[in-house]
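Take a look at the structure set out below.
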Amino acid sequence: MPASSMPAPRLPRRVVLTATAVAGAALTTSCSNEGRGGIPAEFANAPVPLPTHIPYQGVEPDLPGDPETGLMDGYFSYPANPVTSLPEAPGDGENIAALVRTDKPVPPDAARNAFWQELNTRLGSELELNIVPAPDWGQKFATTVAGDVLPELFAVEGGTPLLPQFLDASAADLTAHLSGDAIQDYPFLANIPTDTWRGTAFNGKIMGVPVPRGVMSTSILYKREDLLAEKGIDDDPQSFDEFLDLCTELTEPRENVFALGSVPLDLIRQMLDIPNGWSESDGSLTSSVEADQQQEALDAARRLVDAGVLNPGTFGAQSSDRKSWFGSGRNYFIFDTFSAWPQFHQAQTSGETFAMKAMRTPGFDGDPEMANAWLANPTYGISAIRQDVADRAETFLQVLNYLAAPFGTAEYLFRIYGVEGVHYTMDGSDPVPNDRGSSETALGFRYLTDAPWPIYVPGNRDSTQNWYDGQRTAVDYGVRDPTLGLYSETKTRVGGSIDGRLSDLTNDILQGRKPVSDWDAGVTKWRQDGGDQIRDELEKARADRDSA
């Protein structure tokens, strides 16, 4: 019987997934923990030895990264004659069903997809993927778990409510396979930095394999270097006022050209040195929403709106719209993640002159030492193995090891670009995807696991250097959220709703429907409705982790 048609085990009654308006899915429990429900925080945050980091040494980067800071390795070209590092197929001949998401159009199914067919051949097992578009992911995941039809491999995003309880009830414990030096059996998984594995550790166990992103999920302000150069603008603004003046100078409404396609509020917050999520002092945590500079940031953002430097469709636009405006030259700046860098090159429509850089965030009043960069979670999410198929865990882990093959290997070249002559052609040693390659290779398995992302723009040395320089600058003045990897049950239950109410208030302020002075009352309500409880739980979890 194919794996996808085998009935999944029913989850224990203590864990049932139901849809909610907040996150699309929420876990509720029928057992209790001192009247609150769920797993005690000290259990959810119980420490476990994480996998040993064994970096892949097969390719020397042109631009060396740093696993400690998250800076990725940079490469000016793909190595010629890449080596096949895994001579044997990792599969066991049995089908493997998996649930994944995609941010791209869903590709043709396996019967009409040459890449998918070749992937199955190289894996030695049929990979049956249920590929879900990103906007539908929350609801699909909710109904899949509620219907007890989880496949053998499934992606789990970090914001999944009551994640420790869910994983304890439904996922296989992988500690014996991955903890410490045991990871050596899976060399490409061992290439994933240790910090990235923190997102897999729950209940004193390793419950999955991470999807590494390093610094790639960190947001920065992109600038169209080519268009600015045409206007003779070489220098970056050194303060918020200079940034506002530059945006005003660049905006030409009659030409339908505007400086910005979104309100870069988080950029302004970083100009003001507002903490990244939480800040810690002597064991006490303070949320960034409580920072004294918040009203100043909101007031500055309102000044940008009032100056008319935003595209008129800003507040109703989708992310794809903003990327299109930036790529076509209708906007000079866009606040986006480092991971979007290659997308702009693939989708840009401005011809061969297209060039961009990351702008160093200035200090609000001109002192760059007073600005920071919010370094994002290095773990996008995890993939887990269904609990009742733990006897095949080694096979699943070998398949995931293949899917984490690093840059420079023949396996990476295939899994990212496909088959030469079918999905891409070669320009020197660099692959150049064609339309079929772009369509067929987007199978979503990069949301099961991945290698650390390289900084690499095929055939574009200058852009590769700019991407690397931007990342290096960001990590130099970057700050991390000190609560990453800690679990708060209250956050999983009400965090989405109380944060959502602050987000709604923010939008009302930015669009002039409410005054900036309403922010303090909104924060007070946030604290009363769960923020203070979240703080208490995170402080205890951090103390427990530091004393372990």
Arg330 vs Glu255 side-chain heavy atoms within contact, under 4.5 Å = no
Could you tell me whether Asp236 and Arg360 make a salt bridge, using a distance below 4.0 angstrom between a side-chain N and a carboxylate O?
-> no
Using a strict 4.0 Å threshold on nitrogen-to-oxygen distance, state whether Arg302 and Asp299 make a salt bridge.
-> no
Taking atom types as modelled, find out whether Ser77 and Tyr456 have a side-chain donor-acceptor pair closer than 3.5 angstrom.
-> no
Does a side-chain N-to-carboxylate-O contact under 4.0 Å join Arg480 and Glu280?
-> no
Please confirm whether Arg461 makes a cation-pi placement over Phe76, using NZ or CZ under 6.0 Å from the six-membered ring centre and within 45° of the ring normal.
-> yes
Charged N to carboxylate O under 4.0 angstrom, Arg535 versus Glu290?
-> yes
Between Arg472 and Asp469, does at least one N-O distance fall below 4.0 Å, as a salt bridge requires?
-> yes
Is there a side-chain contact between Tyr417 and Val432 (heavy atoms, below 4.5 Å)?
-> no
Classify the ring geometry between Trp341 and Tyr222 as parallel (under 30°), tilted (30 to 60°) or perpendicular (over 60°).
-> tilted
Go through the side-chain N and O atoms of Asn372 and Trp374 and say whether any donor and acceptor fall under 3.5 Å apart.
-> yes
List the atom of Ala442, the atom of Thr102, and the distance in Å for their closest heavy-atom pair.
-> O-OG1, 4.1 Å
Hey, is Asp529 close enough to Arg501 for a salt bridge, meaning N to O under 4.0 Å?
-> yes
Mutual orientation of the aromatic rings belonging to Tyr412 and Tyr78 [parallel < 30°, tilted 30-60°, perpendicular > 60°] | parallel
For the residue pair Ser239 and Asp241, confirm or rule out a side-chain donor-acceptor distance under 3.5 Å.
-> no
